[in-house]
Amino acid sequence: MNSSNKHDEDKLPQTGNWDFDIDKLNKDAAKIRELDKKEDQFAYTKK
Amino acid sequence: MEKLEKELETKWVLVDTNILLKAARNPQGFLPIFEIIKKTKCQPVYCQLIRAEFLQSVWQPELIKEMENFLTDLNIVDLPMKPFVKLTDEVMSMSRALRARKKALPDLVDSYAAALVKQYSPNLILITENHKHFAYNLKRFHIWPLDLSEEEIVTVGFYKNK
């Protein structure tokens, strides 16, 4: 990261340490897709 | 791919709402993008306007909570929109340049995303599948098609300041 960045005074995100757990994200996504269906279904019944 | 990796190295990657909305439903499909972000020691970021656009798309409390969980588990972090007045001035300047050319204006979230890329240049890269709203203000330096499912292919564009 460019150390001469003019926003040094802010608490800017660090780089280089990012990681993710794809299994955890896939589990979140499965729940979201399931809830999407319920949301669509509910919206339909309220029409 | 080597050129892309060099461009990305240790940057912040601003993830546009359209990518977040699809990745929240199909993170596996975006795995190649996540992997290169990790490999190049980048940090995915959003701004509060993108967070709002992402979360306002749903209304059930349970679904809102799961969408927030996804953001937490993605370890995406907030990039400050500071100084906001300067960003707003940049948005107006870009909009006026488009109006002078009789071009349609992007929505405000996209305008502020472009202003952030300019403000934090050269340290901020935008990834989006919206290739209309950024064409005049930013430079697209890479495109990456993703085969999300039998029915869906998305093309992720990588944008930096011109």
Side-chain angles (χ1 to χ4, degrees), chain A, chain B residues 8-14 20-35 37-47 57-83 86 116 119-125:
Chain A
M1 191 60 59
N2 181 358
S3 60
S4 66
N5 189 292
K6 56 189 177 293
H7 301 281
D8 279 349
E9 71 278 14
D10 293 324
K11 284 186 179 173
L12 294 172
Q14 296 294 308
T15 58
N17 301 316
W18 183 66
D19 205 355
F20 61 95
D21 180 339
I22 192 64
D23 293 334
K24 200 188 253 188
L25 293 174
N26 282 334
K27 279 181 192 166
D28 290 343
K31 285 183 203 160
I32 289 170
R33 290 195 304 268
E34 191 56 40
L35 288 165
D36 275 343
K37 281 183 204 163
K38 276 190 195 171
E39 188 161 278
D40 287 349
Q41 198 174 24
F42 185 75
Y44 179 75
T45 57
K46 294 294 279 184
K47 274 180 190 170
Chain B
L8 289 178
E9 214 164 56
T10 70
K11 301 274 186 3
W12 297 307
V13 177
L14 183 61
L20 284 176
L21 286 169
K22 288 187 176 168
R25 273 85 182 175
N26 183 1
Q28 194 69 35
F30 286 85
L31 192 55
I33 302 282
F34 294 163
E35 282 176 341
I37 289 174
K38 183 180 169 183
K39 184 182 176 189
T40 53
K41 299 189 182 304
C42 290
Q43 172 62 50
V45 296
Y46 57 20
C47 65
S57 64
V58 294
W59 58 270
Q60 279 189 87
E62 205 181 346
L63 185 48
I64 294 167
K65 190 168 166 283
E66 287 304 331
M67 298 278 275
E68 285 174 335
N69 280 347
F70 171 78
L71 293 178
T72 303
D73 290 341
L74 187 59
N75 297 319
I76 191 168
V77 296
D78 184 22
L79 187 68
M81 298 188 74
K82 290 181 180 178
K86 193 175 166 204
L116 277 170
Q119 179 150 320
Y120 285 109
S121 175
N123 294 330
L124 182 61
I125 302 296

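Here is how names work: the chains are called A, B, and so on, in the same order as the sequence lines, proteins then strands, and each is numbered from 1. Below, all heavy atoms of this structure are taken into account, side chains as well, without hydrogens, waters or symmetry copies.
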Note to self: Surrounding CG of Asp19(A) (heavy atoms of other residues, nucleotides or ligands, distance under 6.0 Å), is the total greater than 12?
What the structure shows: yes
More than 12 heavy atoms of other residues, nucleotides or ligands under 6.0 Å from CD of Gln14(A): is that the case?
no
Taking all atoms of both residues into account, what is the closest heavy-atom pair of [X] and [Y], and its distance?
{"X": "Val45(B)", "Y": "Pro13(A)", "value": "CG1-CG, 4.0 Å"}
{"X": "Thr15(A)", "Y": "Lys41(B)", "value": "CB-O, 3.5 Å"}
{"X": "Asp28(A)", "Y": "Glu66(B)", "value": "OD1-OE1, 4.4 Å"}

Enter the distance from [X]:[atom1] to [Y]:[atom2] here, rounded to the nearest 0.5 Å.
{"X": "Gln43(B)", "Y": "Leu12(A)", "atom1": "CD", "atom2": "CG", "value": "11.5 Å"}
{"X": "Ile32(A)", "Y": "Leu21(B)", "atom1": "CD1", "atom2": "CG", "value": "9.5 Å"}
{"X": "Asp21(A)", "Y": "Asn75(B)", "atom1": "CG", "atom2": "CG", "value": "9.5 Å"}

Checking Glu39(A), Lys31(A), Lys38(A) against Leu63(B) for side chain to side chain contact (heavy atoms under 4.5 Å, CB included), the one that qualifies is Glu39(A)
Residues 22-32 of chain B vs salt bridge (Lys or Arg N to Asp or Glu O under 4.0 Å), sequence neighbours excluded, gives Asp36(A)-Arg25(B), Lys22(B)-Glu129(B), Lys22(B)-Glu152(B)
Exercise for the section: Evaluate the side-chain proximity of Ile22(A) to Gln28(B): yes if any heavy-atom separation is below 4.5 Å, no if none is. Expected result: yes
Practice task
May I ask you to test the Leu25(A)-Leu74(B) pair for a side-chain heavy-atom distance under 4.5 Å?
Solution key: yes
If one checks every heavy atom of Thr72(B) against chain A at 4.5 Å, the contacting part turns out to be neither
Those residues at least two apart in sequence (or on a different chain) that pass ring-ring contact (aromatic ring centres under 6.0 Å, His included) with Phe20(A) are Trp18(A), Phe34(B)
So, the part of Glu34(A) with a heavy atom under 4.5 Å from chain B: the answer is neither
Note: vs chain A, highest number of non-hydrogen pairs under 4.5 angstrom among Ile37(B), Ile76(B), Asn26(B), Asp78(B) is Ile37(B)
Counting heavy-atom pairs under 4.5 Å with chain A, the top scorer among Glu62(B), Met67(B), Gln60(B) is Gln60(B)
